[in-house]
Amino acid sequence: MNRKSISKPNFLYTAIYTIVSGLFCLLVIGCDSSTPVEGPFTDTPETDVETESAATLAIPEEDAKYLQDVEHFGGFVLGDLTFPKIAAAIENEEWDTLTAFFADDFQAETFRWSDGQERITSFGKFRTWNEENKTFRMLPDEFVSYIRELREQYSELMRCSIKVMQMAPETRGNFDEPWQGSFKLFFAGRTHANSISQYSLRFNCRIAKINEQTPNTNGIFLSAGCFSAEYATAADFLLEDITAKTGMTSLGLRDNWKHSYEEDQQRPFITGGIYANDFNQDGITDFLVTDLDGLFFYVGLPEGRFQEQTVQVGLQRFENDPLACVGDFNNDSYEDLIIGQSAYVNEQGKRFRKLSDKEFNVELTKIKAALTVVDFDNDGLLDFMEVGIVLKEYNLPYINRVESQATVNYLWRNIGNFKFEDVTEKSKAMGLGTGAFSAVWFDANGDQLPDYMSACEFGKNDFYINDGDGTFTQTDLPGVHGGLSMGITVADIDNDGLGDPYVGNMYSKAGERIVANIRQGLYDEYDNNIQEQLEEIVSGNELYYNKGNGEFERIGRQVGVNDVGWAYGTGTADLDGDGYPDLYAPVGFQSVDASRPDG
Amino acid sequence: MWLAVVSQPFDVGATVPELREADKDNGEFWVGNPFQFAYTKENLSAFEHNGVFFNTGNRDFLDMSFISGGDNRGDSRTVIGTDINQDGMPDLLIRQVGGGALVVYQNNFPKTNWLVISLRGEQSNSAGIGAKIAVTRGDLTVRRELLPIVNFLSQTPSRVHIGMADSDVAKEITIQWPAGGTTILKDVQANQHIRVYEKDDHIEKLY
């Protein structure tokens, strides 16, 4: 491997890779023209993206047109223009208006609320219904009464939405004839009993037809059948936003919702990170907060308060690289830092001192996605990996292709006192190159050695088994595509001693709708299993249940942690203290105007 | 965005043509390449609520996003779960690009017993990263690996939090150190943050 050629990246990457990185979040700080910081993408034209590819369609134009048509009617006309009217009717308790959406011969199948499976916890109560529960047939008035009964539980309805999940004409191409699909109805708020609750009901449905008049047409629903439902309640909200009380404020941090961007100026999709540590070994967590607009170090104080001590601990407020990691690299027990391309030694919990090139022998790559720490050889010295280093120019595919080796992971073995050996080639832990964003180290196969899995954007996620001799073996994960993965965490969800990774993927209901409307055989001329990959790509977050011996079962959809939204760095915490880790999925890509449709 | 993905899955640089006219009067829009969203004022996966899932302990999860109160609709990027106020219940810190750059959620779930364990390695690395910790309380053994997780632009602290439910004593704590040794501790009181030393198995109380 010619390390020199890739450790100093050529800034003249093609615009497409720049845009890829800009959107899907490698290092976008250089793309933010309001912050002219040094960065790999600062001198890249922002408008070249349209000229980069002549191959605009891989499928026949009539198929592309059909998909645009069907999504226009099912997603936009029904989802964005019609369903909000139904939600508004429910929210405003306009029952005649709601009734008008149902055909005279409309029939519904719904669960009885007293059925289902109840689970009582220390903090609340859940009830779930599924296809094993009997459903009951209802006529339009009865169904409206059923919905009304739900609505009237709330003294303050905080959320009410109806989202199209699937929608397709019963006869392909016949939009003016019945459609079949599914939708999700969601209620949440404060009840008359002053508790809070949420209902989520999923229905199959038939729609009479969908055309431009549908939003103003009566009797559009022919039938609806509930196939799953979930209810949850608690006395009050279980998490409280205390940001303003902590002393760790958002002041000085970039917030796209408040920041003013010029017309055609790129909105950064990464603004910074947060890195926990115990800088002074007092047991209270401290935080390094990185941001486009500066760097902050918060020292933890008792009772959840923090004091900003950036300069006092020897760091520079104007540092604006979002990437960092924490680890004791010189084995003196104090946690050191790597920020961007620089290393800082922790001097006895008093302050950090930036190391010179002579003291820290690693020339860190500028374009990378993450830094992770591990003692991969269990020699007592903490090693680290640079994840997702841009390797070469490439117009990446969304689908998995082996030849898309566009990123690489560098593994650095600690040989003591901030000196590291590059073991990337020797270890064979480089990754498949499908755009790694982050990586988690854990003992996947129970042999006491740390293995790693990474979240890769454009193909299968990397999974490498540590062979214990300084090398790793690339191992396949189940499935044909890991989803467009943005982040990853790992937690032992059932205390069997085996970590179960939870991967955050891009997801939206639009994706599921569109892929479900692809004509069978559309991609048959290509040698990849494209359709199968696309179905995985739109399936949302994935939970890899660890079966031992380095084998996993994908259970994200089965256990209901998949269809959250466009997810990033998933997390875990035992929020209720019962000994089992709960999951958290941060989602949302670009929010600009809540009154306008989503993309 | 997804129309572009399915129309040209081999090239993220392709700009897929608009083959039907968008209903702009009603807000419909067309962006032919997902990466162009960055230069528009259009929504993409916008105002989505974060997901919070309760682990039933039976290889299953229940959605508690709304009732948790922690499912804000900002453009979130990463989360760290750790106890910041020393009450033994993990709090959440969310980093977002919009909707509040940093959001700190205090855990108001009903208080339980707890234990936080940090390590000090001797033959192993100093923080004990890679150690396996098993805490037996009541009829459950809680198992954790001490791993500073880098999920996406964040890192969790190098310690483990053990939810002790109604048990105020850990009957046994077993630590398998990365270097190969094992420490076994008996009858450790809950509700404290301890540091365990590989050198001599002694316990230091941090708070």
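In what follows, every chain begins at residue 1, and chains take the letters A, B, ... in the order their sequences are listed. Owing to the predicted nature of the structure, the values given are computational and were not obtained by experimental measurement.
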Checklist entry - Quick one: side chain to side chain donor-acceptor pair (under 3.5 Å) pairs with a partner in residues 569-583 of chain A, sequence neighbours left out? => result none
Item to check | Cation over ring face, Arg159(A) and Phe66(B), 6.0 Å, 45° | outcome: no
Item to check | Pairwise side-chain contact, Tyr584(A) with Asn50(B), heavy-atom cut-off 4.5 Å (strictly under) | outcome: yes
Next on the checklist: If we check side chain to side chain contact (heavy atoms under 4.5 Å, CB included) with Trp2(B), which of these qualifies: Val515(A), Ile514(A), Leu534(A)?
Outcome noted: Ile514(A)
Item to check | Student check: side-chain heavy atoms of Arg77(B) and Ile270(A) closer than 4.5 Å | outcome: yes
Checklist entry - Does the side chain of Thr249(A) reach to within under 4.5 Å of the side chain of Leu102(B), using non-hydrogen atoms? => result no
Checklist entry - Is there a side-chain contact between Leu253(A) and Arg95(B) (heavy atoms, below 4.5 Å)? => result yes
Next on the checklist: Is any side-chain heavy atom of Pro9(B) closer than 4.5 Å to one of Tyr523(A)?
Outcome noted: yes
Item to check | Contact origin within Ile94(B) toward chain A - heavy atom pairs under 4.5 Å | outcome: side chain
Item to check | Minimum heavy-atom distance between Ile284(A) and Gln86(B), given as atom pair plus value | outcome: CG2-NE2, 3.5 Å
Item to check | Centroid-centroid under 6.0 Å between Trp257(A) and Phe47(B) rings | outcome: yes
Checklist entry - Between Phe126(A) and Met64(B), is any pair of side-chain heavy atoms under 4.5 Å apart? => result yes
Next on the checklist: Assess, by modelled atom type and distance only, whether the side chains of Asn151(B) and Thr489(A) contain a donor and an acceptor separated by less than 3.5 Å.
Outcome noted: no
Checklist outcome for this item: Bottom line for Met89(B): the part with an atom under 4.5 Å from chain A's heavy atoms is side chain
Item to check | salt_bridge(Asp60(B), Arg119(A)) N-O dist < 4.0 Å | outcome: no
Checklist entry - Which answer fits Glu145(B), side chain, backbone, both or neither, if we ask what part of it has an atom under 4.5 Å from a heavy atom of chain A? => result side chain
Item to check | Pairwise side-chain contact, Leu238(A) with Tyr105(B), heavy-atom cut-off 4.5 Å (strictly under) | outcome: no
Checklist entry - Checking Trp30(B) against chain A: side chain, backbone, both or neither under 4.5 Å from a heavy atom? => result side chain
Next on the checklist: Counting the benzene-type ring for Trp, do Phe589(A) and Phe37(B) have ring centres under 6.0 Å apart?
Outcome noted: no
Checklist entry - Could Arg20(B) and Asp69(A) be called an ion pair, given the rule that one side-chain N must be under 4.0 Å from one carboxylate O? => result yes
Checklist entry - Are the side chains of Ile493(A) and Arg59(B) in touch, meaning some heavy atoms are under 4.5 Å apart? => result yes
Item to check | Which portion of Ser7(B) sits near chain A, non-hydrogen atoms under 4.5 angstrom | outcome: both
Checklist entry - Does the side-chain hydrogen bond (donor to acceptor under 3.5 Å, both in side chains) test come out yes or no for Arg159(B) and Thr285(A), once each step is laid out? => result CA-CA 10 Å; Arg159(B) 60 182 62 163; Thr285(A) 309; 2.9 Å; yes
